[in-house]
Visitor: 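A single structure is presented below for examination.
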Amino acid sequence: MENEAANLECEFKTIEQDYGADHLDLVLTTGYLTRLLSNARVVRYLAQKFPDILAEFQKITELRKAA
């Protein structure tokens, strides 16, 4: 039982550390997308060539604004 508790605590700490790095990546990525989509030429290009990707990028930046 003690071994299970120790293993669980170790796994929890690992997840906690990974969450911090993942959250930082998410914040940096959304900031980059926001800046990228503020450029009209980039938005026009994405709208012409990759409208589905543009829609997803816009969803991500809108979620950031709502938070």
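What you see is a predicted model, and the numbers here were worked out from it, not measured in a lab.
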Visitor: With a 4.5 Å cut-off on side-chain heavy-atom distances among I, L, V, M, F, W and Y, is there a chain of contacts connecting L54 to L36?
Guide: yes

Visitor: Quick one: side-chain hydrogen bond (donor to acceptor under 3.5 Å, both in side chains) partners of K59, sequence neighbours excluded?
Guide: E56

Visitor: Which other residues belong to the hydrophobic cluster containing F12, where Ile, Leu, Val, Met, Phe, Trp and Tyr are joined when side-chain heavy atoms lie under 4.5 Å apart, directly or via other members?
Guide: none

Visitor: Which residues satisfy the side-chain hydrogen bond (donor to acceptor under 3.5 Å, both in side chains) test with Q58, sequence neighbours excluded?
Guide: none

Visitor: Taking side chain to side chain contact (heavy atoms under 4.5 Å, CB included) as the test, write out the residues that go with F50, two or more places apart.
Guide: Y45, L46, D52, I53

Visitor: Does one hydrophobic cluster hold both Y32 and L63, with members joined at side-chain heavy-atom distances below 4.5 Å?
Guide: no

Visitor: Using side chain to side chain contact (heavy atoms under 4.5 Å, CB included) as the criterion, list what pairs up with T34, not counting sequence neighbours.
Guide: T61, R64

Visitor: If the condition is side chain to side chain contact (heavy atoms under 4.5 Å, CB included), which residues does V27 pass it with, not counting sequence neighbours?
Guide: H23

Visitor: Sequence neighbours left out, what passes salt bridge (Lys or Arg N to Asp or Glu O under 4.0 Å) with E9? Give chain and number order.
Guide: K13

Visitor: Can you list every pair that meets salt bridge (Lys or Arg N to Asp or Glu O under 4.0 Å) and has a residue in residues 27-47, with sequence neighbours left out?
Guide: none

Visitor: Working to the nearest 0.5 angstrom, can you tell me the gap between T29 OG1 and L24 CG?
Guide: 9.0 Å

Visitor: Would you compute the distance between atom OG1 of T30 and atom CG of L37 and round it to the nearest 0.5 angstrom?
Guide: 11.5 Å

Visitor: Is I60 reachable from V42 through a run of I, L, V, M, F, W or Y residues, each pair having side-chain heavy atoms under 4.5 Å apart?
Guide: yes

Visitor: When rounded to the nearest 0.5 angstrom, what distance separates CD1 in I15 from CG in D22?
Guide: 11.0 Å

